[in-house]
Structure formats: C-alpha cells, structure tokens
Amino acid sequence: MDTLDEKKVIDIEASKCPIDSVTVFLDRAEITRTIDVQSSTGTHEVRINGLPNSIVEESIRITGTGEATVLEVSFDWLPKKIISKEGIEAEIEGINKEITDLRREASVLQGERSIVERLSNKIVKGSTEKREDEKAQDLMTPAALQGMTNFLNFYDRNMDRLDTALLESESKVVEVLEAPSKVLQIKEKTDKISELRSQLNQNQPTDNHKRRRVLLSFLTKEEKPIQFHLTYHINGASWSPKYDIRINSATTQAPASLNLTCMGVIEQTTGEDWKEVQLSLSTAAPASSAVAPELTTRTIRYYVPVRYPRRNRAVSTADMCMKESVSVLEDKKATKSKKSMSRRAEKEEECDESEEDAEPEMEVQTATARSNTMSTTFDIPRRSTIDSDGKSHKVTIFILNVSPQLEYIVMPRADPRVFLQATMENTSQHTLLAGSASVFLDNNFIGTSQLSLKRDNSKYAFSLGVDNDIRVKYEAVKTTSSQSGVIRKTREVTVEHKTILSNTKKIPVTLVLHDQLPLSQEGGIKVKLIEPEDLEEANAVLSEHTNIIHWKVQVPAGGSVTVPMKFTVEHPAEKTIEGLDEIDQ
C-alpha cells in the first residue's frame, strides 16, 4: 500500500488538456485548460508538458474541484532530449520490405492465374477444332461429360482461390501505396531524419516553440477523480475593433439613420490552436503600467525667442482651417462617392411613393458585455476555432442604431468641393474604441475612415466623401488699395469676395462654410472685418486664435445662397507685406 510520503509522477501532454476558454486582450490572451487526473492516495506530481515558450510565468494559476490539497505549482523548461534516428531508419526499412514482399506475392499469384487461363483456353479451343468426320455423339458420352465436369470443378475451385488471394494481395498493395501512402510516409520520414540529424548536431529538441511545462504537486487521501483548471497569459495574441457603418441619408419621408456594427478582429500566433473554445474579448491591456506617475520639479525661466523664416500666412491658416473642420478623404474615395451621391436623388423619388411591406432583416448574433471598473469584456455566444496562423478572424460584438447628424462642410478657399461628414453620439453602454471603419452611404461603399472622438469627447465623427449635388462658386469681387497720411503714410487694402452655394437636391441642406481673415503677426499690420458686420446675425462664429470664420448656412431645395465677405488690411506704406494673395493677383 502506498504511503503518503511517496510521490507519484503523472506526465500529461498539453495537447491532451483541452482549452476550455480564451479571453483575448488588446496585447495578449488568457488561456484556461482543463486537466482531468485519476488520483490515488498520496502525493502526486502532474507534469503538463509541451506548453508554449511565450507564456507569462507570473500569470500562471491553478484552480480545481475535488478532495485534494495543492502543495506547489512551478514552471520550468522541458529537459533536452537526445534524439535517436535508428528507430526511424528501421521503420523505413521495414516499410520498404513490406512493399517488396507484397509486390512479389502479387506477381506469383498473377503468374498462376495466367497458367490456368492458358490451359482452359487450350482445352476449349481443342474441343471446337475436332476433325470434321468426328461424330458429334462422341462428345455426349458419359466419360466425356464426366471429364468436362471434373475440369470445370477444378477450374472453378482454383480460379476462385487465385482470384481471392490476388484480390487480397492487391488490396494490401493499394493499402500500402495509396492514402495514407507508405511511399509518401517514407519520403516524409527520410526528410525527418535529415531534420533530426541537424538537431542532433545542435542538441536541440524537436519543437523549439513548446519547451515549457507546469509542475503541479498535490495531496489526496482518497482514490477519486480530480479536475484542475490551468490558467495563464500568453503573448502573440491580440484583437482590434473594426466597424461597419451604414448610413441612410434623409429623405422627405424619413430622417437620416445610422447602423454601426462593431466587430472584433482577432489574430494569434501563440503556437497553440484554439479549437471550439468559449471566446471573450476584453478592452483591458494587462501589459500597460498599473503604477501612477510621479510629478517632477516644474521650473520657470525667461523665454529666449527663436526666430524662424516667415511663412506664408494664408497657406498656414488654410492648413489650420482644414484640420479644425474635417479630414478630407482621398481622391479615390471622392470618385467612389460620386456615384453614391448621384443615386440619392433617385432614392428620394422612390421614398416619396408608398412603401411596400418588406421582409424582416436577418438577425445577427452579438456578444454579451460585462463591465468592471477598469474595462469591458465581451462574451461571444458561440464557441469559436482560431488557429495559430496569424490570419484575421472576425466576430460580431454589438450593433448600434442611432440618429446621426449629417453635416456638409465646404472650405472654398482651399477646395471648391462639398464634403459630407457624419457625427454620432454614443448613448449606449458600449465603449467605442478608435479603429478603422468601412463606410456605406445608401448601400453604396464609400471607402474607409477612422472612427475617432471629437474634441468634446462625447461625439464621434467620420467623413463620407464628396457630394456633387451641392455646387460651390468662389468669386473675388474686387480688391482696392488707398494711401493716406502726410508724415506717416499708411496703405489700406480692401478685399471683397463672395461664395455662391447651389443645392440641386429635393430637400434643403445645412452647410458649414469656413473662410478666413489674414492673421497679423506684426503690430503695424491691422486687419478689420467689414462684412458680415454682425456675426451673430449672419449665423457665424470667428475663431480669434486662427481668424477662421464658420458660417452655418441653410440652402433651400433647388435654391442657392450667396455668402459675402469683406475685410481691410492697413499697414505702413513704405513696407511690403506678404501673405495677402489678393494683392499679387
């Protein structure tokens, strides 16, 4: 009978311990394996061999059910093995001999069959080539009939035996040569020998990616089955959000709507395949620092200015205008969106007619969210299989249906085209992480965009491309120059231009128009806005740090609106200014 001091060693390959659940973080994954052990009374050591090298040692923990006491859990490397090639070479030699013997046996049986067939053909042929004067009744004698019967019995017995034996032999050959082909196995084993010989020279194990093991010591007082759960973090896995955004523009019958599907894109190269596991995605990043930062000493001193070459302020301010308003899509996206925008008029006409009853849309299975203080975890409702191949696997996390705010943006000084921008407010319990989005407008693919928070940290904005149903004309009305003063002469430049917005849609639209005043960097240069005289009345706002004016303009269906702008620039007459393009024209 075993004593409690004896330690019983149980070796288990990790591949025999199924992965039950996987939680994928933004930078790694948490694996939970199930280990079933049939224990006896006493102390046991379970060695779980063949675990990946990329396991985070500090994350390993053991839980379980059953009447047992865990004594120790450790993590180390598998001992290096001395690999012998003699066994494989003997196996290859045996397979070659087996194929040779079966082929020889088949050849012998085929020879016997040929002899019997030739003999039977000769007898039959001889019986039909008798002399013409031979009487037919001789063939009907009892002796002749008995001889024929004996021959036929002999033929049947031997042919059946040979056919059966030959068929068995041929089936054996087929079994050896076809799937799984022993010949192919010979080649694979020969290649394996070359690989093993190379490893023998380096004294390396056969799989350098799975050389770790967990040692679990526990004590039991009864012979009962025990189930352990091994949990650990592993590098080489991650997930990122990807969005599918489908927008239906406003019509005379319905307001604009937005359907956002959030998907998790999972990739893993951990060295172990996840087969039919319970999958969860977490927004946590365990590798990030969990320690609060410390403040360093804050010093103050005199500022020493650094002079740089003067820039063209008009171009610089235009750049600020573009950054402040919207990120313009590439020309390729604008080309794609042109077709989408041109079809919207047709859609508006269809919506004016009575809508027929539509079949219900297909239901999409989504994840269940669990939130804590630091992160959110999404549990995927079905079991998933994700191999360690680095390929992307998509799962649906959640779907949101919101009412977006569609806004048309135009900056005629920088670009005469009108850009459509969508803004949505997330009022759901789900957190929207920054990520790429495939954008569809009225069921037409527009392009890809980035889902990102606006400055107020409550709304998300993304571009939808160029709308060719709204046309912009930027006209310079006039630029005049005058000079005044006797002792200190000054020059005043008056610039006047207008923007004409034309709407060819059947519904009114609201545009945000951005234009700019020159921003003076010198005390002697003074810029004054003349028109609009009252910004509030003109529904406009001036950003003082950039001198950019933002108008909100209502353009009626099929109509047009003209937005005028006029300003003056005063400077010493003896000095030449730069950055005022209108003077150079």
Side-chain angles (χ1 to χ4, degrees), residues 12-37 46-66 68 70 73 75 209-210 212-214 216 218 225-241 262-288 364-398 430-431 433:
I12 303 177
E13 287 299 317
S15 58
K16 303 298 183 182
C17 306
I19 298 177
D20 183 63
S21 64
V22 176
T23 299
V24 185
F25 300 103
L26 297 176
D27 57 356
R28 62 180 65 186
E30 182 182 80
I31 310 296
T32 300
R33 291 181 178 271
T34 300
I35 306 166
D36 292 312
V37 178
V46 177
R47 299 173 180 173
I48 307 162
N49 304 315
L51 291 169
N53 299 347
S54 55
I55 288 178
V56 180
E57 181 174 355
E58 295 77 10
S59 67
I60 296 174
R61 66 181 186 273
I62 292 285
T63 59
T65 57
V70 176
V73 178
F75 185 58
H209 298 290
K210 295 185 177 181
R212 308 305 298 269
R213 66 177 179 179
V214 170
L216 166 63
F218 66 95
I226 299 175
Q227 186 176 83
F228 294 100
H229 297 288
L230 169 64
T231 302
Y232 53 85
H233 285 202
I234 188 168
N235 295 315
S238 64
W239 78 277
S240 59
C262 177
M263 294 168 288
V265 181
I266 307 164
E267 297 178 358
Q268 70 110 340
T269 54
T270 61
E272 52 187 15
D273 297 334
W274 305 339
K275 300 292 186 182
E276 293 295 318
V277 300
Q278 179 61 55
L279 188 65
S280 299
L281 306 180
S282 175
T283 60
S288 62
V364 179
Q365 196 173 47
T366 59
T368 302
R370 294 182 287 113
S371 298
N372 56 32
T373 305
M374 305 294 291
S375 63
T376 301
T377 301
F378 302 100
D379 297 325
I380 308 305
R382 60 179 177 84
R383 288 189 170 268
S384 305
T385 295
I386 299 179
D387 294 331
S388 178
D389 52 11
K391 295 181 179 179
S392 297
H393 301 262
K394 291 182 182 179
V395 294
T396 300
I397 300 178
F398 59 81
H430 302 298
T431 301
L433 302 176

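These figures come from a predicted structure and were not determined experimentally.
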Listed pairs under 3.5 Å, donor-acceptor, residues 278-286 side chains, sequence neighbours left out:
from : atom 1 : to   : atom 2 : distance (Å)
Q278 : NE2    : I380 : O      : 2.7
S280 : OG     : D379 : OD1    : 2.7
S282 : OG     : A284 : N      : 3.2
T283 : OG1    : T376 : N      : 2.9
T283 : OG1    : T376 : O      : 3.3

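A donor-acceptor contact closer than 3.5 angstrom links the side chains of T270 and Q268.
By the salt bridge (Lys or Arg N to Asp or Glu O under 4.0 Å) test, K275 pairs with D387, sequence neighbours left out. Evaluation of the side chain to side chain contact (heavy atoms under 4.5 Å, CB included) rule for S59 yields V56, Y232, H233 as partners, not counting sequence neighbours. Not counting sequence neighbours, the partners of T63 by the side chain to side chain contact (heavy atoms under 4.5 Å, CB included) test are H229. Listed by chain and residue number, E30, T231 satisfy the side chain to side chain contact (heavy atoms under 4.5 Å, CB included) test with R61 (two or more places apart in sequence, or in another chain). In terms of the side chain to side chain contact (heavy atoms under 4.5 Å, CB included) criterion, residue partners of H393 (sequence neighbours excluded) are, by chain and number, I386, D389, K391.
Taking the side chain as every heavy atom from C-beta outward, R33 and V214 never approach each other to under 4.5 Å. The shortest distance between side-chain heavy atoms of F218 and I62 does not fall below 4.5 Å. Counting only heavy atoms from C-beta outward, the side chains of L230 and C17 never approach each other to under 4.5 Å.
For the pair R212 and P52, the tightest heavy-atom approach, listed with the atom from each and the gap, is CG-O, 3.4 Å.
Using the six-membered ring where Trp is involved, F378 and W239 have ring planes that are perpendicular, over 60° apart on the 30 and 60° scheme.
Note: F228 CZ to I48 CD1 = 9.0 Å, rounded to the nearest 0.5 Å. A distance of 12.0 Å separates CZ in F25 from CG in N235, rounded to the nearest 0.5 Å. Rounded to the nearest 0.5 angstrom, L51 CG and I60 CD1 are separated by 7.5 Å. Atoms CG and OG1, on D20 and T34 in that order, are 4.5 Å from each other to the nearest 0.5 Å.
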Apply side-chain hydrogen bond (donor to acceptor under 3.5 Å, both in side chains) to E272 and S388, showing your working.
-> CA-CA 6 Å; E272 52 187 15; S388 178; over 6 Å; no
Test side-chain contact (heavy atoms from CB on, under 4.5 Å) on R28 and T23 and set out the steps.
-> CA-CA 9 Å; R28 62 180 65 186; T23 299; over 6 Å; no
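Judged purely by atom type and a 3.5 angstrom limit, R213 has no side-chain atom pairing as donor or acceptor with the backbone of N49.
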